[in-house]
Every structure is written in C-alpha cells, then in structure tokens.
Participant: 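One structure, pasted below without further comment.
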Amino acid sequence: MSLTDFFSPINADSFTPKQGFFTSQLGLKAQIYTESFPDFEENTYDLAIFGVLDGRGAVNNEGTALAPDYFREKFYRLNEGAFTSRIVDLGNIKHGATIADTYIAIKMVVAELIKMNIIPVIIGGGQDLTYAQYLGYEDLEQKVDLVIIDNQFDIGDDDTEGIATRSDCYLNKIFLHQPNYLFNFSNVGYQTYFVNQESLSVMDKLYFDVHRLGEFAQDITLTEPIIRNANMISFDMGAIRSADAAANANTTPNGFDGEEACRLARYAGMNDKLTSIGFYEFNPAYDNNGQTAFLLAQMVWYFVDGFYARKKDFPLTPKSQFIIYRTSLKDGSGEMTFVKSKKSDRWWMQVPYPSGQSKNERYHLVPCRYDDYQTAVNGEMPDLWWRTYQKLN
C-alpha cells in the first residue's frame with residue numbers, strides 16, 4: 001500500500017498569505033502536498049509533517065481534529081533558520097470509519113517513514129494517538145524509550161476494546177501491549193496534585209522515570225538528558241500553562257511557559273536517537289488570537305532547528321571524539337564508567353548488561369548529567385544507574 005492512500009491534500013489557500021510567501025519563508029522551502037503527492041524516490045527529505053483529522057479520543061477536548069491547518073497557517077509564515085531544511089508536508093490522514101482505522105493508518109505511516117530514515121512530525125488529535133505512534137515501532141524489532149511531556153499520567157480505567165483508547169488512559173495500552181517492546185518510559189513535567197500516590201508507586205516499581213514540573217523550575221536544561229534518551233516523544237499541549245497556551249479545554253494555570261516549551265522541542269530535535277514526535281491536544285476552538293497556534297508553530301520550528309544542529313555523537317563513534325572517565329564506589333563493589341563528547345560536552349554512563357542478556361553489546365548507554373558523574377566521583381551510585389540496571393534485568 002502506498003503512503004498516498006492514507007492522505008488527503010491540503011488546500012493551499014488555507015495557509016497562504018494574500019501577498020504570497022517570501023522566498024525565505026518555510027511555505028516556499030517545504031514540499032507540500034496540495035496537488036500531487038511528494039516523490040520519495042530520491043531520498044530528498046529529512047522530516048515529514050502530517051496532520052491527523054481525528055479527535056475522537058480527546059477526552060473533554062473536542063475540536064483537536066481542526067489543529068493541523070491552524071498550525072500550518074502560522075508555521076509556514078516562519079522564516080527558515082541557519083539551516084537548509086528538507087521538509088515534506090504529507091497533508092492530513094483521513095478520518096477513519098472508526099478510530100481504530102485512524103490508528104492503523106498512523107501506525108503504517110510512522111513505520112514506513114522511519115524505515116526511510118525520515119522523522120514523522122505528527123500534528124493534531126488527542127494524545128491517545130501516542131499509542132498509534134508507538135505501534136509504528138512494532139515491526140522494527142527494537143526496544144523503545146518513550147518520553148511523554150504531560151502534566152499527569154494518562155493511566156485511567158480503559159474500557160475500550162481492541163486497539164482503540166482515549167487520551168486519559170492510552171498509557172495502559174502501551175504498558176500492556178504484547179509483544180512488549182517498551183524499554184523505558186519517562187514523564188516530564190507532571191504536577192503532583194494531578195497524580196495519585198498509587199500511580200507514583202506503580203511508576204517506581206516499574207523503574208520508570210517520572211519528573212515533577214518543579215524539578216525544572218530553576219533550570220530547564222535538566223530536561224535535556226531525559227529527552228536525549230527518547231526514541232519517540234509525545235507532547236501534550238496541556239503541559240504548557242494556560243497563559244501561554246489557552247487552546248486546550250483541559251489547560252491549567254501552571255505548566256511550562258512558552259519559551260521552555262520551545263527549548264524542550266529543540267532538545268528533542270537535537271536528540272540523535274529520536275525517530276518520531278507528536279504534538280497533541282491543540283484545540284483551535286479555544287485559541288485566543290491564534291496565540292497557541294503561533295506557539296505550536298514556533299515549537300516545531302525549534303524542533304527543526306535542533307534537528308539541523310545535531311552533533312551526531314550517538315552512537316559513540318569514533319572513539320577519538322570522546323573522553324572516558326572511570327570512578328570507584330566507596331564500598332569497593334565496582335567501577336563506573338562515564339563518557340563525555342568532545343563535540344557537545346554531553347555525558348553518558350555505561351550500565352553493564354547482566355550476564356547473557358545481550359549477545360552483541362556489553363553495555364547500555366544512558367544519557368546523564370555532569371552531576372551524575374560527580375555523584376560517582378564521591379563514591380556514591382547515581383540513582384539513574386541503579387534504575388537502568390534493574391530495567392536491564
């Protein structure tokens with residue numbers, strides 16, 4: 001089945017200014033499906049944007065299916081940065097007869113784009129579409145590190161049948177999916193009063209990494225190693241405070257501000273491991289003067305900017321571009337190894353696979369901070385090392 005079977009073209013009038021685009025604007029830089037479907041034969045694209053016109057799974061936020069064209073109106077008026085972009089806009093995934101049909105379409109599109117080494121950028125719909133995005137990895141025979149940017153854990157009671165789900169419980173489908181190819185789950189920015197203590201206990205028992213919004217109040221750069229560990233990211237616009245992103249019926253007064261959201265998106269773009277990203281829960285029905293559409297457009301712009309600023313220092317080759325640091329624990333139980341990139345000054349730690357767990361590799365590499373190295377220098381085991389080792393078991 002061809003990719004074109006899943007998409008409907010975009011009406012150019014919906015996002016083109018009356019005076020037309022300037023030559024520096026993304027509206028003339030990107031290849032956009034308005035009449036003929038883009039040609040993938042010559043490997044000319046790095047990023048593929050597509051909309052999803054299905055918001056049936058967005059709980060208490062009806063209207064998210066309208067998001068893609070409102071986003072485009074703002075995005076394509078932005079100027080290209082200090083990079084030469086190779087972006088294709090595939091149009092919109094057609095509304096399926098059932099929401100499961102929409103999921104299958106997203107799954108197949110995501111899988112096909114990843115196989116072509118093109119990063120899917122998904123716009124529109126509820127965050128339940130994260131499950132469809134995740135299903136795209138099913139046939140790729142690799143473990144997935146998933147990062148969710150959200151103000152709560154979407155693990156409510158799921159009474160849906162088959163692969164259908166809702167935006168308030170889709171994580172259940174991911175956690176229980178068989179075969180299981182989820183290696184790690186991280187939540188960035190949850191707010192404690194939206195999360196019950198039982199859920200936190202479950203996350204701890206599964207050795208998942210969950211991080212309160214308050215952890216980043218003084219330093220948003222602390223999110224970078226967490227995001228750098230992701231193969232796929234799902235960004236709920238409800239994680240942004242209502243003053244900066246009102247276009248979500250579930251928005252709240254607290255959250256990341258607009259500048260922080262853009263920095264998170266740029267960190268995602270710079271992640272060499274990342275192979276797909278989705279921006280969900282934007283509802284134009286609640287937008288005030290197009291402010292949230294503008295912010296979402298700028299977030300995707302920063303993602304693109306980050307992508308073209310990648311250092312390509314993962315996997316860690318060639319070895320000449322890295323510095324190896326070794327430390328010993330106080331109790332004499334072993335040695336810990338850290339790696340620092342000369343190109344980006346970013347850090348990783350090596351966590352050994354248990355005996356017989358991996359035939360091809362001796363170590364699992366985990367992005368970390370300089371603070372983790374300092375902890376090890378002081379003879380203590382970083383919590384990130386221990387949690388990763390438990391997951392490897």
Participant: Would you say R86 and T44 are linked by a side-chain donor-acceptor pair, where the criterion is simply a distance under 3.5 Å?
Facilitator: no

Participant: Mind telling me whether H177 and Y131 have parallel, tilted or perpendicular rings, with 30° and 60° as the class edges?
Facilitator: perpendicular

Participant: Going by an N to O cut-off under 4.0 Å, is there a salt bridge joining D272 and R346?
Facilitator: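 Salt bridge flag = yes for R346 with D272.
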
Participant: Can the ring centroids of Y280 and F235 be said to lie less than 6.0 angstrom from one another?
Facilitator: no

Participant: If we ignore hydrogens and angles and just use 3.5 Å, is the side chain of D101 paired with the main-chain N or O of T98 as donor and acceptor?
Facilitator: yes

Participant: Same cluster for V210 and I220 if Ile/Leu/Val/Met/Phe/Trp/Tyr side chains link at under 4.5 Å?
Facilitator: no

Participant: Counting the benzene-type ring for Trp, do Y134 and Y181 have ring centres under 6.0 Å apart?
Facilitator: yes

Participant: Apply the side-chain contact (heavy atoms from CB on, under 4.5 Å) test between Y190 and each candidate in L200, N151, D150; give the one that qualifies.
Facilitator: L200

Participant: Do Y137 and T275 have side-chain atoms, one donor and one acceptor, less than 3.5 Å apart?
Facilitator: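 Yes.
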
Participant: Group every Ile, Leu, Val, Met, Phe, Trp and Tyr by side-chain heavy-atom contacts under 4.5 Å, then state whether V121 and L296 land in the same group.
Facilitator: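 Both belong to a single hydrophobic cluster.
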
Participant: Are F7 and Y33 close enough that their ring centers fall under 6.0 Å?
Facilitator: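 So the answer is no for these two rings.
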
Participant: May I ask you to decide if N79's main-chain N or O and W301's side chain share a donor-acceptor pair within less than 3.5 Å?
Facilitator: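 Present.
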
Participant: Given R166, which of N172, D159, T160, D128 fulfils the side chain to side chain donor-acceptor pair (under 3.5 Å) condition?
Facilitator: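 Result for side chain to side chain donor-acceptor pair (under 3.5 Å) with R166: D159.
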
Participant: Under 3.5 Å, is there a donor on one side chain and an acceptor on the other for T375 and E380?
Facilitator: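 On atom types as modelled, these side chains do not qualify, holding no pair under 3.5 Å.
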
Participant: For the residue pair E73 and S14, confirm or rule out a side-chain donor-acceptor distance under 3.5 Å.
Facilitator: no

Participant: Under a plain distance cut-off of 3.5 Å, with no hydrogens placed, do T130 and S234 share a side-chain donor-acceptor pair?
Facilitator: yes

Participant: With a 6.0 Å cut-off on ring centres, are F175 and F208 close enough?
Facilitator: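 When the ring centroids of F175 and F208 are compared, they turn out to be within the sub-6.0 Å range.
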
Participant: Give a yes or no answer on whether the side chain of K311 reaches the backbone of K342 with a donor-acceptor pair at less than 3.5 Å.
Facilitator: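 Not at all, since once roles are kept as given, no pair shorter than 3.5 Å links the two residues.
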
Participant: Taking the six-membered ring for Trp, is the centroid-to-centroid distance between Y389 and H364 below 6.0 Å?
Facilitator: no

Participant: Considering the options F338, W347, W348, which one meets the ring pair (Phe, Tyr, Trp, His ring centres under 6.0 Å) requirement together with Y325?
Facilitator: W347

Participant: Given salt bridge (charged side-chain N to carboxylate O under 4.0 Å, His left out), test D13 with K18 step by step and report yes or no.
Facilitator: CA-CA 9 Å; D13 294 337; K18 291 181 179 179; over 6 Å; no

Participant: Would a single hydrophobic cluster contain both I32 and F71, if residues Ile, Leu, Val, Met, Phe, Trp and Tyr are joined by side-chain heavy-atom contacts under 4.5 Å?
Facilitator: yes

Participant: May I ask you to say whether D54 pairs ionically with R56, meaning some side-chain N is under 4.0 Å from a carboxylate O?
Facilitator: yes

